[in-house]
Amino acid sequence: MSSAETVTLRRLAWAGVEVASGDDRIVIDALKNPADLAGFQGMPRRPLPSIEARPGVRTHAFVTHLHPDHCDRLLLAEFAAAEGSTVGCHTPIVDVLGKMGVAAVAQDMGERRKIGPFTTIPVPSHDWRGDDQVAWIVEAPGLRAIHFGDTIWHGKWWEIAREYGPFDVAFLPIAGVMARRDGITPTNQPATLTPEQAVEAAVVLEASTACAIHYDLFNNPPYYTEQHDVRGRFLRAAEARGINGIAPGDGKPVPFATAAA
């Protein structure tokens with residue numbers, strides 16, 4: 001693999017992303033089975049794009065954290081059982097996945113794992129409830145991408161940029177979700193990045209392209225409420241900051257230009 005043109009990126013449903021080259025592909029936070037989400041997030045507004053295991057293609061599925069809109073246990077079990085395919089996670093959740101019937105390859109924070117043409121690295125991310133979470137870096141010749149599944153604004157952006165940047169593509173949630181759950185004191189602070197925060201994160205990460213994810217599929221007030229006009233706000237904020245902001249639809253390709261050093 002000699003150039004970025006041999007790697008393809010695709011935005012899946014919700015927070016899902018696919019990075020593919022030849023007979024290998026990496027999928028992060030892929031979602032196919034939304035039934036577990038009905039009580040809190042509600043059901044998706046539209047059908048989800050296909051993401052099944054494919055004959056002759058080695059699928060390596062990664063999980064940012066255990067929330068069911070990012071950790072589809074049925075789909076992960078399908079991937080884990082497919083020939084040549086694997087599931088990858090951050091070390092603290094490997095036993096929980098095992099209890100779900102999903103055998104996974106664990107990586108410690110900052111540990112590199114080589115998979116065909118790809119290298120994966122878990123780096124810090126932060127969840128609104130304090131649950132364990134990581135972001136995933138995916139490197140290949142001609143590509144350095146980073147995917148944040150469900151993060152809030154935090155103080156690790158600069159550390160990640162210093163250690164691993166710059167990035168060709170940063171996948172960032174933009175819904176600015178306002179969440180209400182039993183047993184958790186409600187606040188008026190968003191549970192995920194707002195569009196403007198996502199753009200600022202991309203600036204700090206020195207990302208050539210910021211790709212919006214995690215928006216416009218679930219809205220279930222008062223439990224799970226997306227902020228207004230998040231796509232438009234994201235694109236306007238990116239333009240104002242001189243960032244190439246994009247918001248492809250479900251299952252659509254993600255164009256990128258190589259800029260990582």
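Remark: the backbone N or O of Gly176 is paired with a side-chain donor or acceptor of Gln227 at under 3.5 angstrom. Under a 3.5 Å cut-off, the side chain of Trp136 and the backbone N or O of Val63 do form a donor-acceptor pair. At distances below 3.5 Å, not a single donor-acceptor pair connects side-chain atoms of Glu163 with backbone N or O atoms of Val123. Remark: the backbone N or O of Pro221 is not paired with any side-chain donor or acceptor of Arg180 at under 3.5 angstrom. Side chain of Arg11 to main chain of Pro248: a donor-acceptor pair is present (N/O by atom type, distance under 3.5 Å, no hydrogens or angles). Without hydrogens or angle criteria, Asp250 side chain to Ala13 main chain gives no donor-acceptor distance under 3.5 Å. Here the side chain of Ser21 pairs a donor or acceptor atom with the backbone of Thr6 at under 3.5 angstrom. At distances below 3.5 Å, at least one donor-acceptor pair connects side-chain atoms of Gln133 with backbone N or O atoms of Asp150. Between the side chain of His90 and the main chain of Pro92, no donor-acceptor pair closer than 3.5 Å is present. Checking side-chain atoms of Ser85 against main-chain N and O of Thr59 turns up a donor-acceptor pair under 3.5 Å.
Between the side chains of Thr120 and Gln107, at least one donor N or O sits under 3.5 Å from an acceptor N or O. Remark: the His67 side chain and the Asp131 side chain contain an N/O donor-acceptor pair separated by less than 3.5 Å. No side-chain N or O of His126 forms a donor-acceptor pair with one of Thr151 less than 3.5 Å apart.
Arg25 has its side chain within reach of Ile51: a pair of non-hydrogen atoms, C-beta onward, lies under 4.5 Å apart. Side-chain contact between Ile243 and Val203 is present, with heavy atoms from C-beta onward closer than 4.5 Å. The shortest side-chain heavy-atom distance between Leu9 and Val17 does not fall under the 4.5 Å cut-off. The shortest distance between side-chain heavy atoms of Pro124 and Ile160 falls below 4.5 Å. Contact of the Leu97 side chain with the Leu66 side chain is registered, since non-hydrogen atoms from C-beta on lie closer than 4.5 Å. Counting heavy atoms from C-beta outward, His214 and Asp69 have side chains that approach closer than 4.5 Å. Side-chain contact between Ile246 and Pro255 is present, with heavy atoms from C-beta onward closer than 4.5 Å. Within the 4.5 Å cutoff, side-chain heavy atoms of Met100 are placed close to those of Cys71.
The local environment of CG in Asp95 is sparse, with at most 12 non-hydrogen atoms from other residues, nucleotides or ligands closer than 6.0 Å. Atom CZ of Arg241 has 12 or fewer neighbouring heavy atoms from other residues, nucleotides or ligands inside a 6.0 Å radius. In the displayed structure, Glu111 atom CD is contacted under 6.0 Å by more than 12 heavy atoms of other residues, nucleotides or ligands. Counting heavy-atom neighbours within 6.0 Å of Lys114 NZ, excluding the residue itself, gives a total above 12.
Residue Met43 is not grouped with residue Val177 when hydrophobic side chains (ILVMFWY) are merged at heavy-atom distances under 4.5 angstrom, including chains of intermediate members. Note: the hydrophobic cluster containing Val27 does not contain Phe118 (ILVMFWY, side chain heavy atoms under 4.5 Å, direct or indirect links). Hydrophobic clustering (side-chain heavy atoms under 4.5 Å, transitive across Ile, Leu, Val, Met, Phe, Trp, Tyr) keeps Leu12 apart from Val254. There is a path of hydrophobic side-chain contacts, each under 4.5 Å, that joins Ile213 to Ile28.
Using bins of under 30°, 30° to 60° and over 60° for the plane-to-plane angle, the ring pair Phe218/Trp14 lands in the perpendicular bin. In this structure, Phe171 and His147 have tilted ring planes: the angle between them lies in the 30° to 60° band.
In this structure, Arg144 is not positioned above the aromatic face of Tyr164 in the sense of NZ or CZ being under 6.0 Å from the six-membered ring centre and within 45° of the axis.
Between Trp157 and Phe148, the ring center distance clears the sub-6.0 Å criterion. Checked against a 6.0 Å centroid threshold, the rings of Tyr223 and Phe40 do not count as neighbours.
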Checklist line | Derivation of the side-chain contact (heavy atoms from CB on, under 4.5 Å) call for Asp229 and Arg236 | finding: CA-CA 11 Å; Asp229 187 28; Arg236 290 191 294 272; 2.6 Å; yes
Note to self: Could you walk me through whether Leu31 and Leu75 satisfy the side-chain contact (heavy atoms from CB on, under 4.5 Å) test, starting with their C-alpha distance in whole Å, then the side-chain angles of each, then the deciding distance to 0.1 Å, before giving a yes or no?
What the structure shows: CA-CA 7 Å; Leu31 179 63; Leu75 181 59; 6.0 Å; no
Item checked: side-chain contact (heavy atoms from CB on, under 4.5 Å) between Asp132 and His65, intermediate numbers included -> CA-CA 6 Å; Asp132 181 81; His65 62 300; 5.9 Å; no
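Salt-bridge annotation for Asp216 and Arg231: absent, with no side-chain N of the basic residue lying under 4.0 Å from a carboxylate O of the acidic one.
Just one of Gln197, Glu196, Gln189 meets the side chain to side chain contact (heavy atoms under 4.5 Å, CB included) condition when paired with Trp153; it is Gln197.
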